[in-house]
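Lettering of chains follows the sequences in order, A, B, ..., and the numbering in each one begins at 1.
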Protein chains: 2
Amino acid sequence: MHIQYQDFNGAAELIAGDYREEWVDIENVLTSMPLHLKASDQAKIQGRAIFDPVGTNQHIADGLVPRGWEQKIPIPSSFKFLGTDVDFGKNGVVVEVQFSNYPFLLNNTIRSELFHRAQTIFHQRPTSLIIIVVKAGMFPSSNSTLYYEQAFNQLEALSHHGVFTVPIRLVGLFEPLGRVWANWTGYTAARYSRIVGSRALKEFEITAGRLGRCKIDPI
Amino acid sequence: MHIQYQDFNGAAELIAGDYREEWVDIENVLTSMPLHLKASDQAKIQGRAIFDPVGTNQHIADGLVPRGWEQKIPIPSSFKFLGTDVDFGKNGVVVEVQFSNYPFLLNNTIRSELFHRAQTIFHQRPTSLIIIVVKAGMFPSSNSTLYYEQAFNQLEALSHHGVFTVPIRLVGLFEPLGRVWANWTGYTAARYSRIVGSRALKEFEITAGRLGRCKIDPI
DNA sequence: AGTGTTAGATCTACGA
DNA sequence: TATCGTAGATCTAACA
């Protein structure tokens, strides 16, 4: 997929410096990933293609883990009220991939802020940089799932007000309009299942909708 | 129901001063409310009584609106990326009732922080005090729904680190162990429906479980 | 009438 | 094996 990103609190400088290799890992995994789609089970749009968070998450994990990223790293017990684990970590870089509902953006951001202030170690070094990966607003998706433009606006407002100081790179997953080969996956249940029933590369056409939201149709 | 609360950033002093009447409204509504229960539709615990967010939300709205609280007050367009509205407001006091998943706590808290810093007016006066109402951890509930003890720990950690400065009173809804008459509601669908099919006061027994979580059984 | 968005509801997945 | 809690998935409700 294509990516766009925005840096907060000096993330760009950190990545240009000590964390270049960690960024390259992420960039390689994301830009070599095909768009993943699945069938919606929402009333009135049953069967229509929507962004597939299960497939996308799986693909990212399959890419990062062999590159030395630790997955689901436990949160220390002193911070257990902030959750059980962070998605990925390597050398003080924490990655959160977030396709769930929009409030997770501020949850992930603020708990990361505390991990940073407390110098919590997730992998080798104290938390120094957070990379948050989200999908673009262009994709038809489950309602209320977080999207890049929304996350961007929220983080920008927060950082202007100095609410958080941890360096964050917010990464958005995009796809150009037009024809695209996407990974179309059927799961063993219409909702929630992570068990692949069928998976195949299939061609779709992405066309612009009214505003930023697009339509995705099989060719 | 019984309530417990915890104050952050001077909320107690504000309530003892200018906002006594607004607090009395909320206290009266919450303490005169019966426990609301519904049937779970979760696999393996189908039909078991769980905390009913729909009924509880409805009861609170029915109590606050006649007391002069404005409901679903629109967020000004300059902050539209923070959402569409806040639950209730009166004279600069904003109430958020939150029974959805846990990340909404930090979403509601941090967006309230921005409303406070920007002196956003929701009802007559600039946002001066936030009251967040949640259920206690004792109740069987839908998975991952926010609970008081979790919210308490998160807000405490945040305020210790100075991440937010807006005065907040966090209010938890509790029920003593033993027999209780609760509002048992059947909705027109097993999930999501807000249309009451049947509603009746019914007696339940609340017994202590392993840790804080309790069991609730019909008598 | 159909679209789009947030809010709220609430499930399954998974590991301790 | 069953329980519990968070993470993630993803729906319906309601309103602009």
| field | Under-3.5 Å donor-acceptor pair between B:Asn101 side chain and D:dA9 base | value | yes
| task | May I have the distance from A:Lys80 (atom NZ) to D:dC4 (atom C1'), rounded to whole angstrom? | result | 11 Å
| query | Looking for any heavy atom pair under 4.0 Å, which part of the strands does B:Arg111 touch: base, sugar-phosphate only, or nothing? | reply | sugar-phosphate
| task | Output yes when at least one side-chain N/O atom of A:Gln150 is less than 4.0 Å from OP1 or OP2 of C:dT5, else no. | result | no
| request: Tell me whether the OP1 or OP2 atom of C:dT10 has a side-chain N or O from B:Lys38 closer than 4.0 Å. | output: yes
| How are the rings of A:Phe81 and A:Phe79 set relative to one another: parallel (under 30°), tilted (30 to 60°) or perpendicular (over 60°)? | perpendicular
| query | Between B:Ser193 and B:Thr188, does any side-chain donor sit less than 3.5 Å from a side-chain acceptor? | reply | yes
| message | One character per nucleotide, please: for nucleotides 11-16 of chain D, 5' to 3', B when the base has a protein heavy atom closer than 4.0 Å, S when only the sugar-phosphate does, - otherwise. | response | BBBS--
| said: Distance check needed: C:dG8 P versus B:Ile132 CD1, whole Å only. | reply: 12 Å
| field | Separation of D:dT6 C1' from A:Phe79 CZ (nearest whole Å) | value | 17 Å
| Length of the line joining A:Arg48:CZ and C:dG2:P, which is rounded to integer Å | 12 Å
| said: If you assign each of A:Pro74 and B:Asn108 to its closest nucleotide in DNA chain C, which residue comes earlier from the 5' end? | reply: B:Asn108
| So, for B:Phe122 and B:Phe115, is the gap between ring centers shorter than 6.0 Å? | yes
| query | Phosphate oxygens OP1/OP2 of D:dA7: is one of them under 4.0 Å from a side-chain N or O of B:Tyr102? | reply | yes
| task | Measure from the ring center of A:Phe204 to the ring center of A:Trp181 and say whether it is less than 6.0 Å. | result | no
| task | Report the residue (A:Thr84 or A:Val54) whose heavy-atom-nearest nucleotide on DNA chain D is the more 5′ of the two. | result | A:Thr84
| request: Using a 4.0 Å heavy-atom cut-off across all strands, classify A:Tyr187 as base, sugar-phosphate, or nothing. | output: nothing
| Would you say the base of C:dA9 and the side-chain of B:Ser100 have a donor-acceptor pair closer than 3.5 Å? | yes
| said: Less than 3.5 Å apart, any donor N or O on the side chain of B:Glu22 or B:Asn91 sitting next to an acceptor on the other? | reply: yes
| field | Length of the CG-P vector between B:Asn107 and C:dA7, whole Å | value | 7 Å
| request: Report which part of the nucleic acid B:Tyr147 touches: base, sugar-phosphate, or nothing (heavy-atom distance under 4.0 Å, all strands). | output: sugar-phosphate
| request: Can you tell me the distance, in whole Å, between the CG atom of A:Leu106 and the P atom of C:dT6? | output: 13 Å
| message | What is the separation between atom CG on B:Leu37 and atom C1' on C:dA9, rounded to the nearest whole Å? | response | 16 Å
| message | With no hydrogens and no angle check, just 3.5 Å: does a side-chain donor-acceptor pair link B:Thr185 and B:Arg199? | response | yes
| remark: In whole angstroms, the gap separating P of C:dG4 from CD of A:Glu149 amounts to 15 Å
| request: Specify whether B:Phe139 and B:Phe51 have parallel, tilted or perpendicular ring planes, treating 30° as the upper limit for parallel and 60° as the lower limit for perpendicular. | output: tilted
| remark: The side chain to side chain contact (heavy atoms under 4.5 Å, CB included) partners of A:Gln58 (sequence neighbours excluded) come to A:Asp62
